[in-house]
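The figures here come from the full heavy-atom set of this structure, side chains too, leaving out hydrogens, waters and symmetry mates. Residue numbering restarts at 1 for every chain, and letters A, B, ... go by the order of the sequence lines.
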Protein chains: 2
Amino acid sequence: MSDSQTQVGRPRAFDLDKALQKALEVFWEKGYEGASLPDLTEAMGINKPSLYAAFGNKEQLFLKAVELYENRPCAFFKPALLQPTAYQVAEHMLFGAAAANADPSHPKGCVVVQGALSCSDSANNVKQALIEKRRNGELQLQQRLEQAKAAGELPADADCGALASYLVVQIQGMSIQAASGASAERLQQVAAIALQGFKAMLQPG
Amino acid sequence: MSDSQTQVGRPRAFDLDKALQKALEVFWEKGYEGASLPDLTEAMGINKPSLYAAFGNKEQLFLKAVELYENRPCAFFKPALLQPTAYQVAEHMLFGAAAANADPSHPKGCVVVQGALSCSDSANNVKQALIEKRRNGELQLQQRLEQAKAAGELPADADCGALASYLVVQIQGMSIQAASGASAERLQQVAAIALQGFKAMLQPG
DNA sequence: CTTTATTTGTACTAATCGGTAAAAAACTAA
DNA sequence: TTAGTTTTTTACCGATTAGTACAAATAAAG
């Protein structure tokens with residue numbers, strides 16, 4: 001294993017994490033295919049050989065940027081799953097999505113949704129990777145709801161798969177709305193309506 | 001005005017509408033930027049000069065394909081607006097979206113949503129045109145709901161803008177879900193939940 | 001100082017992108 | 001048959017794409 005303190009050779013002149021953050025912003029705005037290498041290198045403040053030496057290639061750079069996206073401090077999905085009740089999970093999920101998708105401090109919408117939705121065949125790996133991430137997130141939500149069902153929070157005949165899909169549809173739909181210019185206030189109104197719809201499903205009958 | 005019966009010169013060897021239909025299918029699957037000219041010409045059965053002579057350029061071809069998409073017989077959005085009550089409008093909209101987005105006879109999802117969501121700067125015209133179409137559709141839905149509100153179907157304090165956004169979020173979210181591989185049955189379940197949520201907003205309080 | 005390892009900037013590659021010039025081909029009108 | 005008009009085919013254009021070869025630069029190690 002290499003020692004990160006003492007490394008031989010010319011030292012890297014840029015910060016890996018900051019460069020990846022800049023790459024994420026470019027991918028966030030333009031998507032995987034829409035972001036060209038000049039777009040990326042200019043934003044990252046490095047040139048192409050440095051990018052390839054540090055991150056492999058464009059596809060690996062994108063996947064690392066998405067990983068950073070999912071784990072960034074203001075990400076809302078995973079924390080929402082930790083809420084104590086199903087209702088609070090949904091509440092945090094919906095209002096978290098409303099806030100995050102319209103946050104003016106970064107591009108609108110969701111990278112996992114918009115990064116490679118319709119694309120050429122050469123982007124198929126990335127497209128499939130994002131589909132897998134979306135499915136995995138929905139599955140985690142479904143499992144969280146099944147846990148709540150076992151705890152008696154949901155009716156015995158509740159379809160946790162359908163409920164999870166319903167919530168994911170809200171998040172993904174808000175992502176599109178945000179990309180269309182919807183305001184944070186409007187997304188909050190949508191979240192409130194959606195939350196009422198979810199609440200109704202918590203009552204038996 | 002030209003007589004469509006007697007036209008001078010070499011006759012066109014392909015059918016304009018069928019070629020446009022084929023172009024739509026390619027754009028539907030790969031998006032505006034993801035669809036290359038070889039992709040298009042191969043599917044349309046023509047070569048590039050014929051394409052440019054008949055449709056202008058790639059951008060104009062895309063916009064004409066979207067126009068065909070919006071007016072095709074199985075489109076659900078405009079017919080839903082003609083339903084007699086707000087509830088029926090929502091019902092047709094939601095279940096129409098569930099059916100259309102997962103229809104196996106064509107690519108999954110919605111061209112207006114996925115055609116140019118995240119893209120390079122060179123696709124900005126198309127991106128803005130699709131945003132405008134999405135906003136216009138939402139505005140039409142809002143106006144239909146305001147009409148229903150004037151007819152006493154909705155509470156006096158109902159926010160038709162928020163309700164329209166809520167319904168549009170369902171449609172656009174289902175489009176993403178379909179692109180992620182969701183089944184028609186699953187989308188119908190989501191539509192049913194969403195419709196219950198909308199129904200609850202029809203009652204005052 | 002020399003050697004070795006790594007990053008840097010410059011310049012390049014082959015392939016693909018959207019778009020078009022030019023001539024042959026196929027039709028109507030005279 | 002001849003002229004005029006439009007479409008088709010082939011071959012090309014400059015620009016851009018992702019990716020890389022190579023040498024200069026910069027560090028630690030001996």
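For the pair A:Tyr52 OH and D:dA21 P, the interatomic distance rounds to 12 Å; values are reported in whole Å. Distance, B:Glu59 CD to C:dC17 C1': 16 Å, rounded to whole Å. Put simply, CG on A:Leu37 is 19 Å from P on C:dA14, counting in whole angstrom units. Between the CD atom of B:Gln7 and the C1' atom of C:dC27 there is a distance of 9 Å, given to the nearest Å. The distance between atom CZ of A:Phe14 and atom C1' of D:dA25, rounded to the nearest whole Å, is 16 Å. With rounding to whole Å, B:Phe55 atom CZ is found 11 Å from D:dT8 atom P. Taking atom CG of A:Leu51 as the reference point, atom P of C:dT10 lies 17 Å away to the nearest angstrom. If you take CG of A:Leu40 and P of D:dG19, they are 11 Å apart, rounded to a whole angstrom.
Phosphate proximity of D:dT8 to B:Ser50: present, with a side-chain N or O under 4.0 Å from OP1 or OP2. In this structure, A:Arg12 reaches the C:dT7 phosphate: one of its side-chain N or O atoms is under 4.0 Å from OP1 or OP2. Listed pair B:Asn47 / D:dT8 fails the phosphate criterion, with no side-chain N or O lying under 4.0 Å from OP1 or OP2. One finds no side-chain N or O of A:Lys48 lying less than 4.0 angstrom from the OP1 or OP2 phosphate oxygen of D:dG19.
The backbone N or O of A:Ala178 sits nowhere less than 3.5 Å from a side-chain atom of A:Arg186 that would complete a donor-acceptor pair.
Contact annotation for B:Ala123: no contact, since no heavy-atom pair falls under 4.0 Å across all strands. Counting non-hydrogen atoms under 4.0 angstrom, A:Ala54 reaches nothing in the nucleic acid.
Ring planes of A:His106 and A:Trp28: parallel class, angle under 30° (limits at 30 and 60°).
Mapping B:Gly9 and B:Glu33 onto DNA chain C by nearest heavy atom places B:Glu33 at the nucleotide closer to the 5' end. Nearest-nucleotide positions on DNA chain D for A:Pro38 and A:Pro49 put A:Pro38 closer to the 5' end.
The nucleotide whose nearest atom lies closest to any side-chain atom of A:Ser36 is, among D:dA18, D:dA27, C:dG18, D:dA18. Listed nucleotides: C:dC27, C:dA25, C:dG18. Nearest to the side chain of B:Arg10: C:dA25.
Cation-pi geometry between A:Lys58 and A:Tyr32 is met: under 6.0 angstrom from the ring centre, within 45 degrees of the axis.
Counting non-hydrogen atoms of other residues, nucleotides and ligands closer than 6.0 Å to NE2 of B:His92 gives a total of 12 or fewer.
Of the charged side-chain nitrogens involved, none lies within less than 4.0 Å of a carboxylate oxygen, so that A:Asp103 and A:Lys108 do not count as a salt-bridged pair.
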